[in-house]
Amino acid sequence: MKNLLASGFLFVGGSILMTVTEMGKVVPLLGAACSIIGVGLLVFFVFSNDGKYDN
């Protein structure tokens, strides 16, 4: 459950950072990267067996 919560915060934080335009071009790109990683982790932890990769 901790991993699911952490990846949700990563996704939301990255989405917020994507909307920041006053800090140049680097911060929105980092926010987009965080958001993509966060949504990937969310999908993995939701559909995996408690974060374990089983066959």
Side-chain angles (χ1 to χ4, degrees):
M1 186 67 181
K2 292 179 190 176
N3 293 332
L4 183 67
L5 197 60
S7 59
F9 277 117
L10 183 65
F11 171 65
V12 171
S15 299
I16 291 170
L17 282 177
M18 280 194 319
T19 61
V20 176
T21 57
E22 292 87 14
M23 297 190 181
K25 296 181 180 180
V26 176
V27 175
L29 290 176
L30 291 175
C34 287
S35 181
I36 290 171
I37 292 170
V39 78
L41 286 172
L42 271 173
V43 169
F44 174 72
F45 287 122
V46 166
F47 292 111
S48 68
N49 184 14
D50 195 27
K52 297 178 183 74
Y53 182 72
D54 294 332
N55 289 335

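All residue numbers refer to positions in the sequence shown, counting from 1. Everything numeric here is computed off the predicted structure, so don't read it as measured data.
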Inset, instruction - Please write out which residues are connected to L30 in a hydrophobic cluster, directly or through intermediates, given that two of Ile, Leu, Val, Met, Phe, Trp, Tyr count as joined at side-chain heavy-atom separations below 4.5 angstrom. - result: V26

Inset, instruction - Return the minimal non-hydrogen interatomic distance between P28 and G24, and the atom names on each side. - result: CD-O, 3.4 Å

Inset, instruction - Run through the side-chain heavy atoms of Ile, Leu, Val, Met, Phe, Trp and Tyr, join any pair under 4.5 Å, and report what else lands in L5's cluster. - result: F9

Legend entry - Residue pair G14 / C34: nearest heavy atoms and the distance that separates them: CA-CB, 3.9 Å

Inset, instruction - State whether the side chain of S15 and the backbone N or O of F11 hold a donor-acceptor pair below 3.5 Å, judged by distance alone. - result: yes

Legend entry - Reported CG-to-CZ distance for the pair L42 and F47, which is rounded to 0.5 angstrom: 10.5 Å

Legend entry - With sequence neighbours excluded, residues passing side chain to side chain contact (heavy atoms under 4.5 Å, CB included) with L41: S7, L10, I37, F45

Legend entry - Transitive ILVMFWY side-chain link L4 to F44, under 4.5 Å: yes

